[in-house]
2 protein chains.
Amino acid sequence: MLAAQIAEVELFAGLAPAALDEVAARARVQSLPRGTLLFAQGTAAERCHVLLAGCVRIAQSDEDGRQLIVRFVGRGEMFGTVALFTDRHYPADAMTVTDSVEVSWTEARLLEFLHRYPQIGLNLVRIVGARLREAQERLGELATQRVEQRIAHALLRLANCSGSAAATAGTIDYPLTREDIAQMCGATLYTASRVLKAWERAGYVASNRKGVRIIEVPEIRRIAAASAAREA
Amino acid sequence: MLAAQIAEVELFAGLAPAALDEVAARARVQSLPRGTLLFAQGTAAERCHVLLAGCVRIAQSDEDGRQLIVRFVGRGEMFGTVALFTDRHYPADAMTVTDSVEVSWTEARLLEFLHRYPQIGLNLVRIVGARLREAQERLGELATQRVEQRIAHALLRLANCSGSAAATAGTIDYPLTREDIAQMCGATLYTASRVLKAWERAGYVASNRKGVRIIEVPEIRRIAAASAAREA
DNA sequence: CGAGCAATTGAACCCGCTCAAACAACGTGG
DNA sequence: CCACGTTGTTTGAGCGGGTTCAATTGCTCG
C-alpha cells in the first residue's frame, strides 16, 4: 500500500494516518528503468519528488561540461523540491542509476499540504538544513583536504557509515564508477582509480561492476581523518 | 523603530504589522564591537539571529585548524538558525568584522512564531534553499575551476554583482584580508595575494584596509567564466 | 566470442603550495 | 609627531600532488 511506504518518508514524518492517505491519494507514481532522465538541469521545476525504490544520481554540469555529482538519492528521500522555493529551475540533472520507483506531487499540491499540515514545513526545513550542513562539510573538505581523504569521506558517506556508529563494514550496492567517485570529490577518474586500487590491494575495500564494499571501515575512517601530518 | 527594521528582514517578509510588532517586542538586541565572537563552532545552538547592521564572518575550522569561510552575513540576513533544526550545535564560528547590531530570539520563541505565522516557515525554506543552492554552486567551482576563477566568483558574490545585472562596478565595504579571500575559495593567502595584485596592476580592482572595489566588473566576470581553454 | 565500456598504469608536466624573507600600513603610546 | 610593534601584503625559489595524455588490460553482456 502506498500510504504505508509514504509514512516512512522523512518529509511526511509525524503525519496522521488520515493525512498520509490524502497525500498518497494525490501522488503520481512512476516506474523508471535504469538510465532514465527524471529532469534536466535548467528546466522548469514543477514537482516535488520522492524516491520509493532504486537510486537516482543528481549531477550538475558547468558550461565546460565538467560534472559534479551533488548526491545519490536513496529510498525514502526527497529530491528536486528545493527548486520550487528558489528560482523554480532545477539546478542539476536527475537520472536513475538502477531501476527505480518515484512518486511526485505538483507544486500546487505541495503548497496545499504545507498549508494544511504545518509539520511538513518543519520537516522540510530540517531536511534542507541537513543538506546545507552536508554541503558545507564537503566545501570544507574540498578546500582543505587532499584527494585521498576526500575519496575516503565520499565512500563513508555513500555507505552511510560516516557517523560515529562503529560499523565494521559498509556497502554501496549500486553501480559506482571511478568517474562517479572522481566527480563527487573534485578529482580525475585516473586519480580515483589509483587510490581505489591501492586500497583494494591493501584489502580495505572491494569493488566490482555492481557496487563497492568497504571491508575495513576503521581503516578508511583513519584515512579520512588523517591530519595533514604524514604518518609512520 | 525596531519593527520597521525587522520588516525588511527576509525571514519576516510578508508579515502583518501587528505580527512584526509582536516579533519585535520579543527580540533581544545587542550592539557588538568589531571582533566579538557571537557563537563558537560546536557549542549548543539556542537562538535565531538576525543582523541589523554591520558584518559578521561565519567560519568553520577543521581538526587541523584550517579554516573555511562559509559566508559573510550582511544587514538584514539571518544566521545561526539552521542549527536549531538539525543537530542543535553551531557548525561554525560567528565573529563581527565591523561594529554590528544583532537581534535574536530564543528557539522556543521562534517555534511559537513559526506556528502562529506559517509564512515564516515558507520564508525559512526559501532562505535555506537559496543557501543550499549557493553552497552547491561553490562546490562545483571548487571541484572544477582553478584558483583565479574561484577568486573572481568570490569577489562577484561578495559585491552582489554575480547576477546577470549589468552592474559596472561593485564594492565590498568591510575589511577583507587576502587570507579571508583565500579561505573562501580553498587557496592560500599567497596565491590570493598574487592574483589580486595582478588584477590591481591591470586596473580591474582596487583594495585597501577598508575594503575592495571591483572597477571592471565585466573583466572579472570574464575571468570567472573563462573556460579551461587558454585565451589569446 | 567479440564489441564496448570501465579500469589500470606509465610518463611528463604544471598549477598552486610551502617556506622564507622583506615590505607597507596602521594604531598606539611615549 | 615620530618610533615602534602589530598586522597584513608582496615576492621569490623550489617542490610535489594531482592532472593530462596515451596506451593497454580486463570485465560483461549481447
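First the proteins, then the strands, lettered A, B, ... as listed; each starts at 1.
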Could you name each residue pair satisfying salt bridge (Lys or Arg N to Asp or Glu O under 4.0 Å) that touches residues 184-200 of chain A, not counting sequence neighbours? A:Arg178-A:Glu200
For residues 90-106 of chain B, which residue pairs pass the salt bridge (Lys or Arg N to Asp or Glu O under 4.0 Å) check, not counting sequence neighbours? none
Set of residues satisfying salt bridge (Lys or Arg N to Asp or Glu O under 4.0 Å) with respect to [X], sequence neighbours excluded:
{"X": "B:Arg57", "answer": "B:Asp180"}
{"X": "A:Glu8", "answer": "none"}
{"X": "A:Asp87", "answer": "B:Arg133"}
{"X": "B:Arg66", "answer": "none"}

Which residue pairs pass the ring-ring contact (aromatic ring centres under 6.0 Å, His included) test with at least one member in residues 44-68 of chain B, sequence neighbours excluded? B:Phe39-B:His49, B:His49-B:Phe79
Gap between atoms [atom1] and [atom2], on [X] and [N] respectively (whole Å):
{"X": "B:Leu189", "N": "D:dT11", "atom1": "CG", "atom2": "P", "result": "13 Å"}
{"X": "A:Glu179", "N": "C:dA7", "atom1": "CD", "atom2": "P", "result": "9 Å"}
{"X": "A:Ile151", "N": "D:dT19", "atom1": "CD1", "atom2": "C1'", "result": "13 Å"}
{"X": "A:Arg34", "N": "D:dT28", "atom1": "CZ", "atom2": "C1'", "result": "11 Å"}

I need the residues from residues 195-208 of chain A with at least one non-hydrogen atom less than 4.0 Å from DNA chain C; give them sorted by number, or say none. A:Lys197, A:Arg201
Among all residues two or more places apart in sequence or in another chain, which pass the ring-ring contact (aromatic ring centres under 6.0 Å, His included) test with B:Tyr190? none
Among all residues two or more places apart in sequence or in another chain, which pass the side-chain contact (heavy atoms from CB on, under 4.5 Å) test with B:Glu134? B:Arg138, B:Arg157
On a heavy-atom basis, which atom in B:Pro91 and which in B:Gln60 lie closest, and how many Å separate them? O-CG, 3.4 Å
Its contact letters, B for base, S for sugar-phosphate only and - for none at protein heavy atoms under 4.0 Å, make nucleotides 12-17 of chain C read ----SS
Between the protein and nucleotides 4-6 of chain C, which nitrogen or oxygen pairs are less than 3.5 angstrom apart?
{"from": "C:dA6", "atom 1": "O4'", "to": "A:Arg209", "atom 2": "NH2", "distance (Å)": "3.4"}

